Amino acid sequence: MTMRRACGRAGAIALAAGAVFAAATVPASAQQRRSLIVQSTTSVRDSGVLDQLITPQFRRRFPQYDLKFVAVGTGQAITNARAGQGDVLIGHSPAAERQFVRDGFSYERIGRTVMWNDFVIVGPANDPAGVLRRARTDGVGALEAIAAAGAAGRANFVSRGDKSGTNSKELEIWGLGRVARNAANEPAAGAGNPAWYHKAGLGMADTLRLTQQCPFPGGGCYTITDRGTLQQLTHNRAITRLRPVMDDQAAQARGGGNLMLNVYNVYAVNPRKFPSVNLQGALAFLDFMTSPSFQSALARFPSSKRPGFFPAAVPKIVLSRRPAARTVSAGTRVTFRGTIASAVPGADPLTGLSVRLARLPTPVTPVVVGRARVDSRGRFTVRARVNRSGTLFLTTPRFRNLSPSSLRLARFTVRGSGTARSTGRTVRSLVAAR
Amino acid sequence: MNFVWDGIQQAADLLVHGDHDIFVVVGTTLRVALWSTLFALALGLPLGLLLGLGRFRGRRAGLAVANAGMGLPPVVVGLVAALLLFRGAPLGGLDLLYTLNGVILAQTLLALPLVAALTAAAVQSLPAGLLEQARAFGASRAQVAALALREARVGVLAATIAAMGSAFAEVGAVVLVGGNINGETQTLASAVLVRVSAGEYGRAIALGTILLGIILVLAAVLTVAQQHERRALLGRPS
């Protein structure tokens, strides 16, 4: 073959390769969509919530935003958000988030709670540190037991060591115990960490895998994890030899009953700090994460029986008696009693929260027919007179970290008055129109 | 070890039945590889020629830098690029962070020294008399450079394969600059990382299998071209 022909052949092959590339080079469309950067903790992605709930639902409802979801440890997410590298922050590290808010990086005075689950301490089935026996309901005691077994050469503890939300929680628990520790609250031995304490520098899933593998002398590795990631990995059979040894913190245990709670909050980054922030998009994202449709999807994900997270955007209202639809004469007094609390267990009572009784449908807007305030024990009593037919709702406004809510009570028909037509208004718009 | 077999089956399944997400990731990967290789060639070939054939002060230092650049740590490049591209940073106005163009930029920076150093080595290993002869016949600089490039094309193709391979395989800079965003800046290699994190080994193996397949096919195409060149240069019938 002559050189010219060889060149021609090579050229043709190169052209073919180029065509393969070109076919893959889809024109970048929709460049005019405004980008919305979300800096988030990894568990939202690793649990499948991002890919299966957030991305499809948010893109459908807000096609005008180009959602860029960056999943990193909470520490890095906060650092990135503080550097103006994001419009929304999703975190689960309360102390670091409080600092974020105090320093003025949050647009709202307080973050919005989205969901919660809990932290559990996992270890090998033979449990060489005896956590199951001694400290099944005491997180601080569990770590102390592991430290004691570690010092005796029978156990190891694997820490994320990456300033993630889980790592912060772990250090908080060490800080409550009696194990010698350094300024960062890590267990200390001399100038460094004890031989049984290992800082992985990995994400949650990789840390769990390392813990299961346990390549350390003495064996018997333990770690702390959020339940969502553990369930996901157990479900995938990526983790088969670890089991929860401490997963039911008692109210009287050190650190209190809420020590192992894992609460996820969302924040819009303050445009006063960074004018480039897409505030409109950020608030749309916050509204979306706290919306009834997303929250109810969350409660069923991955299954209703074993959700990875529990929705917590709105308060939980429990009525002392569930009202039934009935027909009454005009002017009848009605009374609704109940308790109202954050969905996160052990949260402060919602003292002072205003509860309103509203009636739908109405010609234009819902009519508030009764009001009450929640007392210091989370109880409320709201009274009203029923003068017209309609469906009664209890509504609550945005309050602290909680989003507005509404609860359908019952339909009341007033004798002699015309039946009001349905206006097709959603419960959400009732709250928004308040 | 069921994961490996499951994964290979999943990969076959995905390729046969076509999964939209996979096509998007494959498309992203190919775009990153194509554009970063093209940009690296466009900048690296002249640079390599200059370093290989030029006669100027600092040429050796330049060569040393290019050679060292072949071992440029991707995470460092990613870190520096990401910090420069932060909003408010010197290059923040370009709006490249967490975009595909940003990823392509970082990959170009990584591939550039590969192309430059390998091109310089290839043109330097040409028979000494060849270019002298061309110069003696009055060839201009550009003509000499074109001749050198043509004669050294086996080495230049090796540089192309190296640049492309780095673009396909790299994750550090992709994750730091691109943010590893599903459907936008996630490449096959960085998608493998996410799947492993989520404990989905099967899907990770599937993605890895597809990545390996693409690299094999493209490397084979370029190698065939390269070997044709070599035979032609040796003057043997093919």
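Throughout, protein chains are lettered first and strands after them, A, B, ... in sequence-line order, and every chain is numbered starting at 1. This is a predicted model, so every value here is computed, not measured.
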(request) Please name the pair of heavy atoms, one in B:Ile181 and one in A:Leu67, separated by the smallest distance, quoted to 0.1 Å. (result) CG2-O, 4.3 Å
(request) Considering non-hydrogen atoms only, spot the tightest contact between A:Gln39 and B:Tyr98 and give its length. (result)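 What the structure gives for the nearest pair is NE2-OH, 3.0 Å.
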(message) Once ring pair (Phe, Tyr, Trp, His ring centres under 6.0 Å) is applied, what residue pairs with a partner in residues 37-74 of chain A remain, sequence neighbours excluded?
(response)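 Applying ring pair (Phe, Tyr, Trp, His ring centres under 6.0 Å) to every pair that reaches into residues 37-74 of chain A, excluding sequence neighbours, yields A:Phe58-A:Phe62, A:Phe58-A:Phe285, A:Phe58-A:Phe288.
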For [X], I'd like to know if atom [atom1] has over 12 heavy atoms of other residues, nucleotides or ligands within 6.0 Å.
X	atom1	answer
A:Lys163	NZ	no
B:Gln9	CD	yes
A:Tyr107	OH	no
A:Gln57	CD	yes

(request) Look at B:Glu184 together with A:Arg59 and state whether they make a salt bridge at an N to O cut-off of under 4.0 Å. (result) yes
(request) Enumerate by number any residue of residues 223-231 of chain A whose heavy atoms lie under 4.5 Å from heavy atoms of chain B; in the absence of such residues, state 'none'. (result) none
(request) Give the intermediate values and the outcome of side chain to side chain contact (heavy atoms under 4.5 Å, CB included) for residues A:Asp51 and B:Asn182. (result) CA-CA 8 Å; A:Asp51 284 349; B:Asn182 188 356; 3.1 Å; yes
(request) Just jot down the side-chain contact (heavy atoms from CB on, under 4.5 Å) partners of B:Leu91, sequence neighbours excluded, or say none. (result) B:Leu84, B:Leu85, B:Leu94
(message) If the condition is side-chain contact (heavy atoms from CB on, under 4.5 Å), which residues does A:Arg272 pass it with, not counting sequence neighbours?
(response) A:Asn270
